[in-house]
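Beneath this line is the structure, given in C-alpha coordinates, with notes to follow.
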Number of protein chains: 2
Amino acid sequence: MEKEKTDKKDHILDVAERVFAEVGFDGASTRLISSEAGVNMAMLNYYFGSKEGLLLAIFARRTAVFKDLVKNIGTTENISCWDKVDRYIDAYTERVFNNNCFQKMLYQELAITRKGELTDKITEMMMGSVNEFKKIIQDGVNSGEFKTDTDVELLIATLYGSKNFILNTPHISSIMLGYEVHNQENLDNKLKPRLKAYLKKLLNLYLLK
Amino acid sequence: MEKEKTDKKDHILDVAERVFAEVGFDGASTRLISSEAGVNMAMLNYYFGSKEGLLLAIFARRTAVFKDLVKNIGTTENISCWDKVDRYIDAYTERVFNNNCFQKMLYQELAITRKGELTDKITEMMMGSVNEFKKIIQDGVNSGEFKTDTDVELLIATLYGSKNFILNTPHISSIMLGYEVHNQENLDNKLKPRLKAYLKKLLNLYLLK
DNA sequence: TTCTATTAATCAAACGATTGATTAATTTTG
DNA sequence: CAAAATTAATCAATCGTTTGATTAATAGAA
(Lines give C-alpha, C1' and ligand atoms only; values in the text may rest on other atoms or scores of the structure.)
Protein backbone atom coordinates (compact mmCIF):
# COMPACT_ATOMS: atom_id res chain seq x y z
CA MET A 1 0.00 0.00 0.00
CA GLU A 2 0.94 3.64 -0.21
CA LYS A 3 2.55 3.85 3.22
CA GLU A 4 4.86 0.91 2.68
CA LYS A 5 6.00 2.33 -0.61
CA THR A 6 6.98 5.55 1.09
CA ASP A 7 8.77 3.60 3.78
CA LYS A 8 10.78 1.68 1.24
CA LYS A 9 11.72 4.77 -0.70
CA ASP A 10 12.70 6.41 2.55
CA HIS A 11 14.78 3.40 3.48
CA ILE A 12 16.65 3.60 0.19
CA LEU A 13 17.23 7.31 0.72
CA ASP A 14 18.61 6.63 4.20
CA VAL A 15 21.03 4.01 2.97
CA ALA A 16 22.10 5.98 -0.09
CA GLU A 17 22.72 9.04 2.04
CA ARG A 18 25.00 7.02 4.30
CA VAL A 19 26.86 5.37 1.42
CA PHE A 20 27.31 8.66 -0.44
CA ALA A 21 28.69 10.18 2.75
CA GLU A 22 31.09 7.28 3.25
CA VAL A 23 32.57 6.87 -0.22
CA GLY A 24 31.34 9.89 -2.18
CA PHE A 25 28.91 10.10 -5.05
CA ASP A 26 31.28 8.80 -7.72
CA GLY A 27 32.67 6.16 -5.40
CA ALA A 28 29.24 4.73 -4.66
CA SER A 29 28.08 2.33 -7.36
CA THR A 30 24.41 1.63 -7.81
CA ARG A 31 25.20 -2.00 -7.10
CA LEU A 32 26.71 -1.14 -3.73
CA ILE A 33 23.82 1.11 -2.75
CA SER A 34 21.17 -1.40 -3.75
CA SER A 35 22.89 -4.30 -2.02
CA GLU A 36 23.34 -2.26 1.17
CA ALA A 37 19.69 -1.33 1.03
CA GLY A 38 18.65 -4.92 0.33
CA VAL A 39 16.77 -4.06 -2.82
CA ASN A 40 17.14 -4.93 -6.46
CA MET A 41 19.37 -2.65 -8.44
CA ALA A 42 16.60 -1.74 -10.85
CA MET A 43 14.53 -0.30 -8.02
CA LEU A 44 16.80 2.73 -7.84
CA ASN A 45 15.96 3.67 -11.41
CA TYR A 46 12.36 2.63 -10.95
CA TYR A 47 11.88 4.99 -8.03
CA PHE A 48 14.31 7.80 -8.72
CA GLY A 49 14.98 7.63 -12.45
CA SER A 50 18.74 7.70 -12.20
CA LYS A 51 21.65 7.81 -9.81
CA GLU A 52 21.62 11.58 -9.96
CA GLY A 53 17.87 11.51 -9.39
CA LEU A 54 18.56 9.56 -6.23
CA LEU A 55 20.96 12.24 -5.10
CA LEU A 56 18.41 14.94 -5.87
CA ALA A 57 15.75 13.04 -3.92
CA ILE A 58 18.04 12.96 -0.89
CA PHE A 59 18.47 16.72 -1.06
CA ALA A 60 14.79 17.32 -1.67
CA ARG A 61 13.88 15.36 1.44
CA ARG A 62 16.29 17.22 3.71
CA THR A 63 15.68 20.68 2.38
CA ALA A 64 11.98 20.22 3.01
CA VAL A 65 12.77 19.60 6.68
CA PHE A 66 15.33 22.38 6.93
CA LYS A 67 12.98 25.09 5.80
CA ASP A 68 11.09 24.69 9.07
CA LEU A 69 14.20 24.61 11.22
CA VAL A 70 16.05 27.65 9.89
CA LYS A 71 13.10 29.96 10.25
CA ASN A 72 13.06 33.30 11.94
CA ILE A 73 15.24 33.20 15.00
CA GLY A 74 16.42 36.55 13.69
CA THR A 75 12.98 38.10 13.82
CA THR A 76 12.18 37.10 17.39
CA GLU A 77 11.33 40.21 19.39
CA ASN A 78 12.44 41.34 22.81
CA ILE A 79 15.64 39.37 23.10
CA SER A 80 19.18 40.61 22.69
CA CYS A 81 21.20 39.91 19.58
CA TRP A 82 23.54 37.78 21.60
CA ASP A 83 20.62 35.65 22.77
CA LYS A 84 19.72 35.19 19.14
CA VAL A 85 23.26 34.02 18.40
CA ASP A 86 23.00 31.71 21.38
CA ARG A 87 19.79 30.21 20.08
CA TYR A 88 21.14 29.94 16.56
CA ILE A 89 24.15 27.99 17.77
CA ASP A 90 21.86 25.62 19.65
CA ALA A 91 19.56 25.09 16.69
CA TYR A 92 22.40 24.79 14.24
CA THR A 93 24.32 22.27 16.34
CA GLU A 94 21.27 20.15 16.91
CA ARG A 95 20.49 20.16 13.22
CA VAL A 96 23.91 19.13 11.98
CA PHE A 97 24.43 16.44 14.59
CA ASN A 98 21.12 14.83 13.77
CA ASN A 99 21.95 14.79 10.07
CA ASN A 100 25.66 14.21 10.04
CA CYS A 101 25.57 11.77 7.11
CA PHE A 102 23.74 14.32 5.04
CA GLN A 103 26.08 17.06 6.16
CA LYS A 104 29.08 15.04 5.13
CA MET A 105 27.55 14.27 1.77
CA LEU A 106 26.57 17.90 1.32
CA TYR A 107 30.08 19.23 1.75
CA GLN A 108 31.56 16.59 -0.50
CA GLU A 109 29.25 17.80 -3.24
CA LEU A 110 30.05 21.43 -2.48
CA ALA A 111 33.75 20.70 -2.89
CA ILE A 112 33.20 19.34 -6.39
CA THR A 113 32.74 21.55 -9.42
CA ARG A 114 29.81 19.82 -11.07
CA LYS A 115 27.17 20.87 -13.46
CA GLY A 116 23.69 22.12 -13.22
CA GLU A 117 20.61 21.67 -11.18
CA LEU A 118 22.01 20.28 -7.97
CA THR A 119 24.63 22.97 -7.39
CA ASP A 120 21.98 25.66 -7.56
CA LYS A 121 19.73 23.80 -5.16
CA ILE A 122 22.54 23.31 -2.67
CA THR A 123 23.67 26.91 -2.96
CA GLU A 124 20.17 28.17 -2.34
CA MET A 125 19.78 26.02 0.74
CA MET A 126 23.15 27.07 2.15
CA MET A 127 22.65 30.77 1.52
CA GLY A 128 19.32 30.69 3.30
CA SER A 129 21.00 29.47 6.45
CA VAL A 130 23.98 31.78 5.98
CA ASN A 131 21.90 34.90 5.48
CA GLU A 132 19.79 34.16 8.53
CA PHE A 133 22.91 34.16 10.66
CA LYS A 134 24.37 37.14 8.85
CA LYS A 135 21.30 39.21 9.58
CA ILE A 136 21.54 38.50 13.29
CA ILE A 137 25.18 39.54 13.45
CA GLN A 138 24.61 42.62 11.32
CA ASP A 139 21.75 43.74 13.56
CA GLY A 140 23.99 43.36 16.57
CA VAL A 141 26.70 45.44 14.96
CA ASN A 142 24.29 48.16 13.87
CA SER A 143 22.66 48.39 17.29
CA GLY A 144 26.04 48.72 18.99
CA GLU A 145 25.74 45.44 20.86
CA PHE A 146 28.53 43.81 18.84
CA LYS A 147 31.93 45.19 17.90
CA THR A 148 32.01 47.32 14.77
CA ASP A 149 35.06 45.61 13.27
CA THR A 150 33.38 42.19 13.22
CA ASP A 151 34.24 40.10 10.16
CA VAL A 152 30.84 38.52 9.59
CA GLU A 153 31.78 36.35 6.62
CA LEU A 154 34.80 34.78 8.24
CA LEU A 155 32.85 34.26 11.42
CA ILE A 156 30.38 32.22 9.41
CA ALA A 157 33.30 30.27 8.01
CA THR A 158 34.38 29.56 11.57
CA LEU A 159 30.94 28.47 12.70
CA TYR A 160 30.37 26.13 9.79
CA GLY A 161 33.99 25.13 9.32
CA SER A 162 34.72 24.11 12.90
CA LYS A 163 31.86 21.67 12.84
CA ASN A 164 32.79 20.42 9.38
CA PHE A 165 36.33 19.68 10.40
CA ILE A 166 35.12 17.55 13.28
CA LEU A 167 32.44 15.64 11.40
CA ASN A 168 33.96 15.39 7.93
CA THR A 169 37.47 14.29 8.83
CA PRO A 170 36.60 11.47 11.25
CA HIS A 171 40.02 9.82 10.99
CA ILE A 172 41.74 12.93 12.29
CA SER A 173 39.17 14.15 14.78
CA SER A 174 38.77 10.72 16.36
CA ILE A 175 42.48 10.64 17.13
CA MET A 176 42.45 14.24 18.32
CA LEU A 177 39.47 13.81 20.62
CA GLY A 178 40.36 10.34 21.86
CA TYR A 179 37.09 8.68 20.93
CA GLU A 180 35.28 7.53 17.84
CA VAL A 181 33.27 10.35 16.29
CA HIS A 182 31.33 7.91 14.13
CA ASN A 183 29.73 6.60 17.31
CA GLN A 184 26.43 8.45 17.62
CA GLU A 185 26.48 8.08 21.40
CA ASN A 186 29.82 9.88 21.63
CA LEU A 187 28.49 12.47 19.24
CA ASP A 188 25.38 13.22 21.29
CA ASN A 189 26.73 12.87 24.81
CA LYS A 190 30.26 14.18 24.50
CA LEU A 191 30.81 16.21 21.38
CA LYS A 192 27.53 18.04 20.94
CA PRO A 193 27.44 19.82 24.31
CA ARG A 194 31.16 20.47 24.11
CA LEU A 195 30.91 22.08 20.70
CA LYS A 196 27.93 24.20 21.75
CA ALA A 197 29.75 25.52 24.79
CA TYR A 198 32.91 26.15 22.82
CA LEU A 199 31.23 28.01 19.99
CA LYS A 200 29.23 30.17 22.39
CA LYS A 201 32.31 31.17 24.33
CA LEU A 202 34.32 31.80 21.19
CA LEU A 203 31.68 33.94 19.53
CA ASN A 204 30.88 35.73 22.76
CA LEU A 205 34.47 36.83 23.16
CA TYR A 206 34.72 37.86 19.53
CA LEU A 207 31.42 39.70 19.22
CA LEU A 208 30.65 41.38 22.53
CA LYS A 209 32.34 44.56 23.58
CA MET B 1 67.28 13.99 -20.28
CA GLU B 2 66.82 13.56 -16.58
CA LYS B 3 65.68 17.06 -15.92
CA GLU B 4 63.00 17.03 -18.59
CA LYS B 5 61.69 13.76 -17.33
CA THR B 6 61.32 15.22 -13.87
CA ASP B 7 59.66 18.27 -15.35
CA LYS B 8 57.15 16.16 -17.21
CA LYS B 9 56.36 14.06 -14.18
CA ASP B 10 55.98 17.23 -12.16
CA HIS B 11 53.69 18.67 -14.80
CA ILE B 12 51.49 15.58 -14.65
CA LEU B 13 51.42 15.81 -10.86
CA ASP B 14 50.39 19.46 -11.07
CA VAL B 15 47.55 18.75 -13.46
CA ALA B 16 46.37 15.65 -11.64
CA GLU B 17 46.36 17.53 -8.35
CA ARG B 18 44.14 20.21 -9.87
CA VAL B 19 41.79 17.71 -11.51
CA PHE B 20 41.50 15.60 -8.36
CA ALA B 21 40.69 18.76 -6.43
CA GLU B 22 38.05 19.78 -8.95
CA VAL B 23 36.13 16.54 -9.46
CA GLY B 24 37.44 14.19 -6.78
CA PHE B 25 39.54 11.06 -7.12
CA ASP B 26 36.75 8.80 -8.33
CA GLY B 27 35.34 11.47 -10.58
CA ALA B 28 38.65 12.00 -12.35
CA SER B 29 39.22 9.46 -15.09
CA THR B 30 42.72 8.70 -16.28
CA ARG B 31 41.64 9.82 -19.72
CA LEU B 32 40.60 13.22 -18.40
CA ILE B 33 43.80 13.69 -16.45
CA SER B 34 46.04 12.68 -19.34
CA SER B 35 44.20 14.85 -21.85
CA GLU B 36 44.35 17.84 -19.50
CA ALA B 37 48.05 17.23 -19.06
CA GLY B 38 48.55 16.79 -22.79
CA VAL B 39 50.13 13.37 -22.48
CA ASN B 40 49.20 9.90 -23.59
CA MET B 41 47.07 7.95 -21.17
CA ALA B 42 49.61 5.19 -20.85
CA MET B 43 52.17 7.63 -19.50
CA LEU B 44 50.35 7.77 -16.20
CA ASN B 45 50.88 4.06 -15.68
CA TYR B 46 54.36 4.26 -17.15
CA TYR B 47 55.43 6.87 -14.61
CA PHE B 48 53.27 6.13 -11.59
CA GLY B 49 52.17 2.53 -12.01
CA SER B 50 48.49 3.14 -11.41
CA LYS B 51 45.92 5.81 -10.74
CA GLU B 52 46.35 5.27 -7.01
CA GLY B 53 50.11 5.46 -7.50
CA LEU B 54 49.57 8.84 -9.07
CA LEU B 55 47.63 9.95 -6.02
CA LEU B 56 50.35 8.65 -3.74
CA ALA B 57 52.99 10.49 -5.76
CA ILE B 58 51.08 13.73 -5.30
CA PHE B 59 51.06 13.24 -1.56
CA ALA B 60 54.69 12.17 -1.47
CA ARG B 61 55.75 15.33 -3.25
CA ARG B 62 53.82 17.66 -0.94
CA THR B 63 54.68 15.93 2.30
CA ALA B 64 58.35 16.20 1.43
CA VAL B 65 57.93 19.97 1.23
CA PHE B 66 55.77 20.21 4.32
CA LYS B 67 58.25 18.56 6.61
CA ASP B 68 60.43 21.62 6.26
CA LEU B 69 57.61 24.09 6.74
CA VAL B 70 55.98 22.66 9.85
CA LYS B 71 59.20 22.46 11.81
CA ASN B 72 59.87 23.79 15.24
CA ILE B 73 58.07 27.06 15.67
CA GLY B 74 57.13 25.57 19.00
CA THR B 75 60.72 25.14 20.14
CA THR B 76 61.81 28.69 19.35
CA GLU B 77 63.25 30.24 22.49
CA ASN B 78 62.73 33.64 24.04
CA ILE B 79 59.39 34.50 22.53
CA SER B 80 55.99 34.36 24.17
CA CYS B 81 53.53 31.57 23.46
CA TRP B 82 51.23 34.05 21.82
CA ASP B 83 54.01 35.09 19.44
CA LYS B 84 54.39 31.44 18.56
CA VAL B 85 50.69 31.23 17.79
CA ASP B 86 51.05 34.39 15.73
CA ARG B 87 53.87 32.89 13.73
CA TYR B 88 52.07 29.59 13.35
CA ILE B 89 49.03 31.32 11.88
CA ASP B 90 51.26 33.15 9.42
CA ALA B 91 53.12 30.03 8.36
CA TYR B 92 49.95 27.95 8.20
CA THR B 93 48.05 30.49 6.14
CA GLU B 94 50.91 30.94 3.70
CA ARG B 95 51.18 27.20 3.29
CA VAL B 96 47.54 26.47 2.60
CA PHE B 97 47.05 29.38 0.22
CA ASN B 98 50.04 28.35 -1.83
CA ASN B 99 48.75 24.78 -2.08
CA ASN B 100 45.02 25.22 -2.23
CA CYS B 101 44.47 22.55 -4.88
CA PHE B 102 46.32 20.04 -2.77
CA GLN B 103 44.45 21.16 0.32
CA LYS B 104 41.13 20.67 -1.39
CA MET B 105 42.16 17.25 -2.62
CA LEU B 106 43.48 16.32 0.81
CA TYR B 107 40.23 17.02 2.60
CA GLN B 108 38.20 15.22 -0.02
CA GLU B 109 40.27 12.14 0.66
CA LEU B 110 39.99 12.63 4.42
CA ALA B 111 36.21 12.69 4.12
CA ILE B 112 36.16 9.31 2.43
CA THR B 113 36.48 6.05 4.31
CA ARG B 114 38.97 4.26 2.12
CA LYS B 115 41.43 1.50 2.59
CA GLY B 116 45.03 1.25 3.38
CA GLU B 117 48.28 2.95 2.77
CA LEU B 118 47.12 6.42 1.80
CA THR B 119 44.91 7.02 4.82
CA ASP B 120 47.80 6.29 7.16
CA LYS B 121 50.11 8.60 5.25
CA ILE B 122 47.56 11.41 5.31
CA THR B 123 46.82 10.90 8.98
CA GLU B 124 50.50 10.99 9.87
CA MET B 125 51.00 14.21 7.95
CA MET B 126 47.98 15.87 9.52
CA MET B 127 48.80 14.82 13.06
CA GLY B 128 52.31 16.22 12.72
CA SER B 129 50.91 19.63 12.00
CA VAL B 130 48.16 19.27 14.59
CA ASN B 131 50.51 18.23 17.38
CA GLU B 132 52.89 21.07 16.65
CA PHE B 133 50.08 23.55 17.25
CA LYS B 134 48.74 21.60 20.19
CA LYS B 135 52.09 21.77 21.94
CA ILE B 136 52.24 25.54 21.56
CA ILE B 137 48.80 26.00 23.06
CA GLN B 138 49.45 23.52 25.85
CA ASP B 139 52.67 25.29 26.81
CA GLY B 140 50.80 28.57 26.96
CA VAL B 141 48.16 27.08 29.22
CA ASN B 142 50.72 25.46 31.51
CA SER B 143 52.77 28.61 31.82
CA GLY B 144 49.70 30.65 32.72
CA GLU B 145 49.84 32.79 29.60
CA PHE B 146 46.66 31.27 28.17
CA LYS B 147 43.36 30.60 29.86
CA THR B 148 43.13 27.29 31.71
CA ASP B 149 39.76 26.33 30.27
CA THR B 150 41.00 26.44 26.68
CA ASP B 151 39.52 23.73 24.46
CA VAL B 152 42.63 22.94 22.43
CA GLU B 153 41.09 20.33 20.15
CA LEU B 154 38.13 22.42 19.10
CA LEU B 155 40.39 25.42 18.62
CA ILE B 156 42.34 23.34 16.13
CA ALA B 157 39.07 22.48 14.44
CA THR B 158 38.36 26.20 14.18
CA LEU B 159 41.77 27.04 12.75
CA TYR B 160 41.70 24.33 10.13
CA GLY B 161 37.97 24.37 9.57
CA SER B 162 37.58 28.09 8.94
CA LYS B 163 40.11 27.95 6.16
CA ASN B 164 38.62 24.76 4.76
CA PHE B 165 35.18 26.25 4.55
CA ILE B 166 36.49 29.19 2.52
CA LEU B 167 38.69 27.21 0.16
CA ASN B 168 36.73 23.97 -0.19
CA THR B 169 33.25 25.36 -0.77
CA PRO B 170 34.09 27.93 -3.46
CA HIS B 171 30.50 28.23 -4.69
CA ILE B 172 29.33 29.41 -1.29
CA SER B 173 32.29 31.46 -0.18
CA SER B 174 32.50 33.31 -3.50
CA ILE B 175 28.94 34.49 -3.05
CA MET B 176 29.51 35.32 0.60
CA LEU B 177 32.69 37.29 0.00
CA GLY B 178 31.56 38.95 -3.20
CA TYR B 179 34.50 37.84 -5.33
CA GLU B 180 35.77 34.68 -6.95
CA VAL B 181 37.89 32.66 -4.54
CA HIS B 182 39.26 30.56 -7.38
CA ASN B 183 41.09 33.64 -8.61
CA GLN B 184 44.57 33.37 -7.15
CA GLU B 185 44.94 37.16 -7.18
CA ASN B 186 41.89 37.58 -4.98
CA LEU B 187 43.20 34.83 -2.79
CA ASP B 188 46.59 36.40 -2.25
CA ASN B 189 45.67 40.08 -2.14
CA LYS B 190 42.30 40.06 -0.43
CA LEU B 191 41.60 36.83 1.39
CA LYS B 192 44.99 35.84 2.76
CA PRO B 193 45.70 38.98 4.79
CA ARG B 194 42.07 39.14 5.87
CA LEU B 195 42.08 35.57 7.14
CA LYS B 196 45.37 36.06 8.95
CA ALA B 197 44.12 39.15 10.76
CA TYR B 198 40.82 37.50 11.60
CA LEU B 199 42.34 34.32 12.98
CA LYS B 200 44.84 36.22 15.06
CA LYS B 201 42.19 38.41 16.61
CA LEU B 202 39.87 35.47 17.20
CA LEU B 203 42.52 33.31 18.85
CA ASN B 204 43.92 36.24 20.79
CA LEU B 205 40.56 36.92 22.37
CA TYR B 206 39.97 33.26 23.10
CA LEU B 207 43.40 32.40 24.48
CA LEU B 208 44.76 35.42 26.34
CA LYS B 209 43.58 36.30 29.78
C1' DT C 1 -18.94 -13.79 -3.50
C1' DT C 2 -15.91 -15.38 -7.86
C1' DC C 3 -13.68 -14.49 -12.10
C1' DT C 4 -11.27 -11.22 -14.87
C1' DA C 5 -8.47 -6.79 -15.93
C1' DT C 6 -5.37 -3.60 -14.62
C1' DT C 7 -1.67 -1.73 -12.16
C1' DA C 8 2.40 -1.54 -9.27
C1' DA C 9 6.45 -3.80 -7.58
C1' DT C 10 10.24 -6.80 -8.14
C1' DC C 11 13.58 -9.58 -10.34
C1' DA C 12 17.52 -11.75 -13.11
C1' DA C 13 19.76 -10.87 -17.21
C1' DA C 14 21.72 -8.19 -20.46
C1' DC C 15 22.81 -3.72 -22.70
C1' DG C 16 26.28 -0.25 -24.47
C1' DA C 17 29.54 2.75 -22.56
C1' DT C 18 33.41 3.78 -19.78
C1' DT C 19 36.77 2.52 -16.58
C1' DG C 20 41.95 1.54 -15.35
C1' DA C 21 45.34 -1.05 -17.27
C1' DT C 22 48.28 -3.45 -20.70
C1' DT C 23 50.18 -4.66 -25.01
C1' DA C 24 53.01 -4.21 -29.04
C1' DA C 25 54.70 -1.16 -32.22
C1' DT C 26 57.00 3.17 -33.10
C1' DT C 27 59.71 7.28 -32.19
C1' DT C 28 63.13 9.72 -29.71
C1' DT C 29 67.27 10.01 -27.25
C1' DG C 30 72.02 9.28 -26.00
C1' DC D 1 73.23 0.72 -32.45
C1' DA D 2 70.53 0.10 -27.63
C1' DA D 3 67.59 2.16 -24.17
C1' DA D 4 64.04 5.07 -22.94
C1' DA D 5 59.97 7.44 -24.10
C1' DT D 6 55.68 7.67 -26.45
C1' DT D 7 51.95 6.10 -29.09
C1' DA D 8 47.50 3.71 -30.81
C1' DA D 9 45.09 -0.29 -30.12
C1' DT D 10 43.19 -3.41 -27.10
C1' DC D 11 42.04 -5.84 -22.72
C1' DA D 12 38.87 -7.49 -19.01
C1' DA D 13 36.17 -5.40 -15.53
C1' DT D 14 32.82 -2.43 -13.95
C1' DC D 15 29.77 1.28 -14.63
C1' DG D 16 24.64 3.11 -14.86
C1' DT D 17 20.76 1.77 -17.16
C1' DT D 18 17.19 -0.91 -19.61
C1' DT D 19 14.82 -4.87 -20.68
C1' DG D 20 11.14 -8.59 -20.59
C1' DA D 21 9.11 -11.55 -17.51
C1' DT D 22 7.02 -12.61 -13.06
C1' DT D 23 4.71 -11.80 -8.80
C1' DA D 24 1.56 -9.28 -5.71
C1' DA D 25 -2.01 -6.23 -5.02
C1' DT D 26 -6.18 -3.70 -6.41
C1' DA D 27 -10.33 -2.80 -8.93
C1' DG D 28 -14.36 -3.94 -11.80
C1' DA D 29 -17.98 -6.87 -13.51
C1' DA D 30 -20.85 -10.77 -12.90
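Residue numbering restarts at 1 for every chain, and letters A, B, ... go by the order of the sequence lines. Every heavy atom of this structure was used, including side-chain atoms; hydrogens, water molecules and symmetry mates were not.
Contacts of A:Asp120 classified as side-chain contact (heavy atoms from CB on, under 4.5 Å), with partners at least two apart in sequence or in another chain: none. Every residue two or more places apart in sequence or in another chain was checked for a side chain to side chain donor-acceptor pair (under 3.5 Å) with B:Lys121, and none qualifies. Applying the side-chain contact (heavy atoms from CB on, under 4.5 Å) rule to B:Arg61 yields the partners B:Asp10, B:Leu13, B:Asp14, B:Glu17; only residues at least two apart in sequence or on another chain are considered. With sequence neighbours excluded, no residue satisfies side chain to side chain donor-acceptor pair (under 3.5 Å) with B:Tyr206. By the side-chain contact (heavy atoms from CB on, under 4.5 Å) test, B:Ala28 pairs with B:Val19, B:Phe20, B:Val23, B:Ile33, sequence neighbours left out. Residues passing the side-chain contact (heavy atoms from CB on, under 4.5 Å) test with A:Arg194 are A:Leu177, A:Tyr179, B:Asp151, B:Glu153, B:Leu154, sequence neighbours excluded. Take A:Asn186 and apply the side chain to side chain donor-acceptor pair (under 3.5 Å) test, not counting sequence neighbours, and it matches no residue.
Protein atom CG of A:Asp7 is 15 Å distant from nucleotide atom C1' of C:dA9, rounded to whole Å. What separates OH of B:Tyr47 from P of D:dA4 is a distance of 12 Å, to the nearest Å. Atoms NZ (A:Lys8) and C1' (C:dT10) sit 8 Å apart, rounded to a whole Å. Between B:Met43 atom CE and D:dA9 atom P there is a gap of 18 Å when expressed in whole angstrom units.
For the pair B:Lys51 and B:Phe25, the distance from NZ or CZ to the six-membered ring centre is under 6.0 Å and the angle to the ring normal is within 45 degrees.
Residues in residues 31-49 of chain A take part in these salt bridge (Lys or Arg N to Asp or Glu O under 4.0 Å) pairs, two or more places apart or across chains: A:Arg18-A:Glu36. Residue pairs that meet the salt bridge (Lys or Arg N to Asp or Glu O under 4.0 Å) test with at least one member in residues 163-186 of chain B, sequence neighbours left out, do not exist here.
Between its two ends, the helix from C:dT1-D:dA30 to C:dG30-D:dC1 turns its axis by 10°, counting five pairs per end and rounding to 10 degrees.
Within residues 14-23 of chain A, no residue has any heavy atom closer than 4.0 Å to DNA chain C.
At D:dA5, one or more side-chain N or O atoms of B:Tyr46 fall inside 4.0 Å of OP1 or OP2 (strictly under the cut-off).
Annotation: A:Glu52, atom CD; neighbour count of heavy atoms from other residues, nucleotides and ligands within 6.0 Å does not exceed 12.
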Would you tabulate the nitrogen or oxygen pairs shorter than 3.5 Å linking the protein to nucleotides 19-24 of chain C?
unit_1	atom_1	unit_2	atom_2	d
C:dG20	OP1	B:Ala28	O	3.4
C:dG20	OP1	B:Lys51	NZ	2.7
C:dG20	OP2	B:Thr30	N	2.7
C:dG20	OP2	B:Thr30	OG1	3.1
C:dG20	N7	B:Arg31	NH1	2.9
C:dG20	O6	B:Arg31	NH2	2.9
C:dA21	OP2	B:Asn45	ND2	3.4
C:dA21	OP2	B:Lys51	N	2.8

